[in-house]
Amino acid sequence: MRVNAVLATALYSSATLLGQIRADDTDDAVESSSTSIEETSTTSAIEKPTFTPSNIKADFFEQFTDDWDTRWKPSHAKKEDSKTTEEWAYVGEWAVEEPHVFKAIEQDKGLVVKNPAAHHAISAKFPKKIDNSKNTLVVQYEVKLQSGLECGGAYMKLLQDNKALHADEFSNASPYVHFIFKHKNPKTGEYEEKHLKSAPPAKITKGTTNLYTLIIHEDNEFEIKINGESSKKGNLLEDFTPSVNPEKEIDDPKDTKPEDWVDEARIPDPEATKPEDWDEDAPFEIIDEEAAKPDDWLEDEPNMVPDPEAEKPEDWDDEEDGDWIPPMVPNPKCEEVSGCGKWEPPTKKNPAYKGKWTPEYIDNPAYKGVWAPAKIPNPDYFEDKTPAKFEPMGAIGFEIWTMQSDILFDNIYIGHSVEDAEKLKAETYDVKHAIEVAEEEASKPPPAKESPKSPMDLKFLDDPVHYVREKVDLFWTIAQNDPVEAVKALPEVAGGIGALAVTIIALIVGIVGVSAAPPPKVQKAAEKVKQNAMDTKDQIVDAASTGTDKAQAELNKRTTRSSGPAE
């Protein structure tokens, strides 16, 4: 049984060493493989498709092909603003070009804002007017902020089809339908802007494309999607302010509040009187007559005394500076007692204090309530049950002011098919967005490499193989220069090596002992090995307390070499 146990120990040690060697080989292979993969991912170009015009049909569909300038007309009109006397002209330039940031599809061009800090306007007339009175209206387009967006404002407008549209340049004053939408009062003929409540925020991402989709159904229900995900749903009659339809009744502008109208709901009780025992002059606090001076109070000791350690400065002149007086410090005798100096009783809250008397408040018997003017029928009342039926639209326009340039628009769809808009998204946005994200990831700098752990910081349970390898490697490095110091610095490694040697000798002795009694020379050699092992153990214990400094120096050199600048 003893031989079997020793043999098992030796086999286990051999297996551990073999596993160590194989772990070294495996780690080298993994490291080589990782390097190869990293080089492949960073050096290989992302495969990009080439632009092919879509076959999707719509009332208006723009992919900014080579004949784009036959449809689009930049505006140089003056911008109207009733809030200021300043005049602004649309001086911003436009171009159609491929993106220069995260280009996803070869030869795919878009309409680009070229000037920062400038007003831009451009429009394109529809081949024929768009009427959604009997159809769902779908508006979809892409925006790519190549330089990001820090400050600016933008509108994509659907312009009413009228004589002014065909006669004038597009400007901020051109009649339009957009979310804000302009609603025509059927009684007065005047237009009023209706603003969406709680509008979803725009996606501000630098370099990657975002897709905006607006769907307006015949039943006044609408939905806004961003990148294909629903961001807002609602109803034109309920989710806009001011509301599409006015109130049936309004306040009478001629009605005024009567002079005898009483607004005060509560008043001081006129019949209340101050009680005879109410003393308004009673103080808030009085002297506590029941208080007694503490037994350890030192009345003859002052709270402050001259500093006994203070000395008069050598350059002090009594004739010029006067008599020197040492600074005062707290009396140390007072720190250990309740107090020093003249004792005076403390004050306490006066139970008789009531303060200034005021009468209680009661409900006002003359109160008539909050006054409001009378209601009268609204002379401008109307009810539009179908605000989704916009007036015919004849053109599209972009009006922009921005501090950043290179805003790109593309794949504009204006039609009536939700399915076609989804199909266009799959053909264009889905393809380019995936490539843009991959380009963005590839452009990021590689993560900083972690500094290698010192062998002294390693824990056996975290990675036993790595722990043993690093410890043994450090032991042999030190042992090559000074074996004694290696034992002192890493006694656990020295002990392990010693134990392995003893195990091998014991194995040999055990095998010999099974076959026959050992001769005297073998017994003597075994005793010597045993004694040497005991001596080594004692030396290891003694060395463990004295060998740290040199080991730490060698460790620092190894750590410095391994954590040097990466190439």
Worked check of side-chain hydrogen bond (donor to acceptor under 3.5 Å, both in side chains) between T209 and E142: CA-CA 7 Å; T209 299; E142 297 172 358; 5.0 Å; no
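- No side-chain donor-acceptor contact under 3.5 Å links E436 and Y429.
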Stepwise side-chain contact (heavy atoms from CB on, under 4.5 Å) test for N132 and M393: CA-CA 9 Å; N132 75 308; M393 293 161 278; 4.0 Å; yes
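- Other residues, nucleotides and ligands contribute more than 12 heavy atoms inside 6.0 Å of the NZ atom of K103.
- Heavy atoms of other residues, nucleotides or ligands lying less than 6.0 angstrom from CD of E47 number 12 at most.
- Remark: E98 does not engage K109 in a salt bridge, criterion side-chain N to carboxylate O under 4.0 Å.
- Counting heavy atoms of neighbouring residues, nucleotides and ligands inside a 6.0 Å radius, atom NZ of K197 exceeds 12 of them.
- Residues passing the side-chain hydrogen bond (donor to acceptor under 3.5 Å, both in side chains) test with K232: none are found, sequence neighbours excluded.
- In this structure, CD1 on I412 lies 4.0 Å from CZ on F64, to the nearest 0.5 angstrom.
- Here the closest heavy-atom approach between residue P49 and residue V431 is recorded as CG-CG1, 4.0 Å.
- Between V113 and F409, the closest side-chain pair of non-hydrogen atoms falls below 4.5 Å.
- Note on K375 versus D252: no salt bridge recorded, every NZ/NE/NH1/NH2 to OD/OE distance being 4.0 Å or above.
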Full working for salt bridge (charged side-chain N to carboxylate O under 4.0 Å, His left out) between E97 and K114: CA-CA 11 Å; E97 59 191 26; K114 297 304 295 181; 2.9 Å; yes
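- With rounding to the nearest 0.5 angstrom, the CD atom of E391 is 14.5 Å from the CD1 atom of I130.
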Criterion side-chain contact (heavy atoms from CB on, under 4.5 Å) on F60 and Y413, from CA distance to verdict: CA-CA 6 Å; F60 182 80; Y413 173 95; over 6 Å; no
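- Taking 4.0 Å as the cut-off between side-chain N and carboxylate O, D430 and K425 count as a salt-bridged pair.
- Contact check for E399 versus K157: side-chain heavy atoms found under the 4.5 Å cut-off.
- Closest of all the heavy-atom pairs between A395 and K125 is CB-CA, 3.8 Å.
- Formation of a donor-acceptor pair under 3.5 Å by the D251 side chain with backbone atoms of P253 is not found in this model.
- Under a 4.0 Å N-O distance rule, the pair E422/K225 qualifies as a salt bridge.
- In plain terms, the two heavy atoms of D255 and A372 that are nearest each other are OD2-O, 4.4 Å.
- N55 CG: 12 or fewer foreign heavy atoms inside a 6.0 Å radius.
- Side chains of N220 and N235: a donor-acceptor N/O pair is absent below 3.5 angstrom, by distance only.
- Contact detail for L137 and I414: the closest heavy-atom pair is CD1-CG2, 4.3 Å.
- Inter-residue side-chain proximity for I407 and V112 is flagged as unmet; no heavy-atom pair is nearer than 4.5 Å.
- A donor-acceptor contact closer than 3.5 angstrom links the side chains of T213 and Q140.
- Around the CD atom of E229, the shell of radius 6.0 Å holds no more than 12 heavy atoms that belong to other residues, nucleotides or ligands.
- The shortest non-hydrogen separation linking N378 to P246 is ND2-CB, 3.8 Å.
- Between the side chains of S243 and N245, no donor-acceptor pair of N or O atoms lies under 3.5 Å.
- For the atom pair CG (L159) and OG (S123), the distance works out to 6.5 Å, reported to the nearest 0.5 Å.
- Contact check on E439 versus K432 returns no salt bridge, with no Lys/Arg side-chain nitrogen under 4.0 Å from an Asp/Glu carboxylate oxygen.
- H100 and D406 form a side-chain donor-acceptor contact under 3.5 Å, judged by distance and modelled atom types alone.
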Verdict with reasoning, E62 to Y141, per side-chain contact (heavy atoms from CB on, under 4.5 Å): CA-CA 9 Å; E62 181 63 80; Y141 62 99; over 6 Å; no
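- Inter-residue side-chain proximity for S230 and E223 is flagged as met; some heavy-atom pair is nearer than 4.5 Å.
- A side-chain donor from one of Q63 and N411 sits under 3.5 Å from a side-chain acceptor of the other.
- In this structure a side-chain-to-backbone donor-acceptor pair under 3.5 Å is present from S54 to I56.
- Note on ring orientation: taking the six-membered ring where Trp is involved, the planes of W94 and F398 are tilted (angle from 30° to 60°).
- Other residues, nucleotides and ligands contribute at most 12 non-hydrogen atoms within 6.0 Å of the CD atom of E247.
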Test side-chain contact (heavy atoms from CB on, under 4.5 Å) applied to M156 and V139, step by step: CA-CA 10 Å; M156 192 278 280; V139 180; 3.2 Å; yes
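- A donor-acceptor pair under 3.5 Å is formed between the side chain of H416 and the backbone N or O of T136.
- Residues D420 and K57 are not in side-chain contact: their nearest non-hydrogen atoms beyond the backbone lie 4.5 Å or more apart.
- Inter-residue side-chain proximity for L408 and V143 is flagged as unmet; no heavy-atom pair is nearer than 4.5 Å.
- In this structure, the separation between OG1 on T52 and CD on E106 is 12.0 Å, given to the nearest 0.5 Å.
- Surrounding NZ of K48 are more than 12 heavy atoms belonging to other residues, nucleotides or ligands, all under 6.0 Å away.
- Side chain of T208 to main chain of T205: no donor-acceptor pair is present (N/O by atom type, distance under 3.5 Å, no hydrogens or angles).
- Rounding to the nearest 0.5 Å gives a distance of 9.0 Å between CG of L145 and CD of Q404.
- At most 12 heavy atoms of other shown residues, nucleotides or ligands fall within 6.0 angstrom of atom CD in E93.
- Two residues are said to be in side-chain contact when any heavy atoms from C-beta on lie closer than 4.5 Å; L237 and P387 meet this criterion.
- A distance of 6.0 Å or more separates the ring centres of F126 and F61.
- No salt bridge links K134 with E218; every basic N to acidic carboxylate O contact stays at or beyond 4.0 Å.
- By the 4.5 Å heavy-atom criterion applied to side chains, F222 and D239 are counted as neighbours.
- To the nearest 0.5 Å, the span separating CG on L158 from CD1 on I396 amounts to 6.0 Å.
- Defined by atom type and a distance below 3.5 Å, a donor-acceptor pair is missing between the side-chain atoms of Q107 and T50.
- Scanning all heavy atoms of the two residues, the minimum distance from P200 to I226 falls at CB-CD1, 4.5 Å.
- Side chain of H217 to backbone of I215: no donor-acceptor contact under 3.5 angstrom is found.
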